[in-house]
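Remember, it's a predicted structure, so these values are computed and weren't measured experimentally.
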Amino acid sequence: MAIRLAPAERRARILDTAMAITDVEGHRGLTMAALARRCDMSTPGVLHYFPDMPTLLVALVQRRDERDDAGLDWEAMTPERVRLLLDATVANIVARPRAAALFAAVEAEALDPTHPGHDYFRERADRLASGLASMLSGPDAEGVARRLFAAMDGLQLHYLRDPEGFDLVAQWAATADALLGECR
């Protein structure tokens with residue numbers, strides 16, 4: 001028998017269950033029917049919260065972003081700690097490649113302006129670049145921030161394509177050293 005939950009709690013439970021599935025099986029193994037069964041719900045019940053798979057996957061990426069950002073103290077972020085934060089982001093990609101693959105796939109699909117995640121990813125990129133730029137110095141801090149994230153995205157794709165043959169951490173270190181050198 002299904003547990004009666006408030007809508008926000010039910011939505012969070014669906015997302016947490018979807019996250020658990022994708023962490024083990026990847027996002028390609030996720031179906032609305034399987035998700036509904038794991039949530040002790042009907043498929044129409046899940047569709048009430050997420051009308052289609054793209055909407056669910058965008059919400060899942062947003063949930064991961066919220067979880068990953070929850071432990072960060074942006075007010076205490078100093079230019080010296082920026083590199084540590086970026087390095088930790090790369091380490092997270094290596095530690096959780098299925099989550100990284102989900103993010104990359106959903107972001108690529110969201111290039112289509114009609115995709116439910118299009119605005120989210122555009123606004124996310126702007127917000128992250130602006131936030132990082134505020135922690136950097138130099139006349140082109142925002143440009144450097146955007147190049148850092150673009151490099152990280154590209155390196156991430158190379159790593160996801162060939163995790164055994166591509167040393168993401170070493171390639172990131174070399175790229176970050178060069179780009180962050182522009183801010184000194």
Side-chain angles (χ1 to χ4, degrees), residues 1-77 81-82 84-132 134-135 145 149 152-153 156-157 159-160 163 168:
M1 173 175 259
I3 299 169
R4 193 148 208 49
L5 299 173
E9 291 175 289
R10 175 70 64 192
R11 186 177 193 282
R13 183 169 181 228
I14 293 167
L15 289 172
D16 290 343
T17 302
M19 197 177 305
I21 293 170
T22 60
D23 283 347
V24 173
E25 302 171 28
H27 69 282
R28 298 274 185 225
L30 183 64
T31 66
M32 291 293 201
L35 179 59
R37 278 191 303 278
R38 295 270 286 272
C39 291
D40 198 21
M41 296 174 67
S42 66
T43 301
V46 171
L47 291 170
H48 171 76
Y49 293 92
F50 305 99
D52 53 39
M53 188 59 74
T55 302
L56 171 67
L57 294 177
V58 170
L60 189 54
V61 167
Q62 289 173 320
R63 179 97 167 156
R64 285 184 193 273
D65 278 351
E66 290 166 4
R67 183 194 63 197
D68 293 347
D69 287 351
L72 297 176
D73 183 1
W74 289 103
E75 299 301 316
M77 194 59 60
R81 296 182 75 193
V82 166
L84 295 174
L85 171 66
L86 295 171
D87 289 351
T89 301
V90 169
N92 192 40
I93 293 167
V94 173
R96 300 176 56 225
R98 286 197 166 124
L102 169 68
F103 178 89
V106 176
E107 184 177 30
E109 290 175 9
L111 292 171
D112 177 350
T114 64
H115 189 277
H118 182 79
D119 291 338
Y120 174 75
F121 281 100
R122 188 183 66 241
E123 291 163 6
R124 179 185 188 276
D126 291 344
R127 177 178 42 83
L128 290 175
S130 177
L132 182 58
S134 71
M135 298 174 219
F149 286 122
M152 189 181 290
D153 284 349
Q156 173 181 258
L157 290 176
Y159 172 73
L160 292 172
L168 176 60

Phe149: which residues meet the ring pair (Phe, Tyr, Trp, His ring centres under 6.0 Å) condition with it, sequence neighbours left out? none
Correct closest heavy-atom pair for His115 and Pro54 would be NE2-CB, 3.8 Å
Only counting residues at least two apart or in another chain, list the ones meeting side-chain contact (heavy atoms from CB on, under 4.5 Å) with Thr43. Met32, Ala33, Ala36, Leu47
Closest non-hydrogen atoms of Gly117 and Val58, given as atom of the first, atom of the second and distance, are CA-CG2, 3.5 Å
Contacts of Arg124 meeting salt bridge (charged side-chain N to carboxylate O under 4.0 Å, His left out) (sequence neighbours excluded), chain-then-number -> Asp65
Applying salt bridge (Lys or Arg N to Asp or Glu O under 4.0 Å), which residue pairs with at least one partner in residues 108-121 are found, sequence neighbours left out? Asp119-Arg122
Hey, are the side chains of Val106 and Leu60 touching, using non-hydrogen atoms and a 4.5 Å cut-off? no
With salt bridge (Lys or Arg N to Asp or Glu O under 4.0 Å) as the rule and sequence neighbours excluded, what pairs involving residues 44-59 come up? none
Using the test side-chain contact (heavy atoms from CB on, under 4.5 Å), find all partners of Leu111 that sit at least two apart in sequence or belong to another chain. none
In the structure I gave you, are the side-chain heavy atoms of Val90 and Tyr159 within less than 4.5 Å of one another anywhere? no
Do any pairs count as a salt bridge (Lys or Arg N to Asp or Glu O under 4.0 Å) and have a residue in residues 15-31, sequence neighbours left out, and if so which ones? Asp16-Arg63, Asp23-Arg64, Glu25-Arg38
The criterion is ring pair (Phe, Tyr, Trp, His ring centres under 6.0 Å); which residues satisfy it with Phe121, sequence neighbours excluded? Phe103
For the residue pair His27 and Ala105, what are the closest heavy atoms and their distance? NE2-CB, 3.6 Å
Quick one: CG on Leu160 to CD1 on Ile93, what's the gap to the nearest 0.5 Å? 7.5 Å
Go through Leu57 and Leu30 one step at a time and tell me if the side chain to side chain contact (heavy atoms under 4.5 Å, CB included) criterion holds. CA-CA 10 Å; Leu57 294 177; Leu30 183 64; 4.0 Å; yes
Pairwise distance CE(Met19) to CZ(Arg96) - rounded to 0.5 angstrom: 7.5 Å
First locate atom OG1 of Thr89, then atom CG of Asp68, and finally report the distance between them rounded to the nearest 0.5 Å. 8.0 Å
Mind checking what makes salt bridge (charged side-chain N to carboxylate O under 4.0 Å, His left out) contact with Arg37, not counting sequence neighbours? none
Please identify each residue that fulfils side-chain contact (heavy atoms from CB on, under 4.5 Å) with Leu84, with sequence neighbours left out. none
Using modelled atom types only, decide if a donor and an acceptor are shared between the side chain of Ser130 and the backbone of Arg127 within a distance under 3.5 Å. no
Can you list every pair that meets ring pair (Phe, Tyr, Trp, His ring centres under 6.0 Å) and has a residue in residues 28-55, with sequence neighbours left out? none
Over all heavy atoms of both residues, which pair between Arg10 and Cys39 is shortest? Give the atoms and the distance, please. NH1-O, 3.9 Å
What is the distance from atom CZ of Arg11 to atom CG of Leu56, rounded to the nearest 0.5 Å? 9.0 Å
Ring pair (Phe, Tyr, Trp, His ring centres under 6.0 Å) pairs touching residues 6-26, sequence neighbours excluded, are none
Could you pull out the closest heavy-atom pair between Gly26 and Arg98, with the gap in Å? N-CD, 3.4 Å
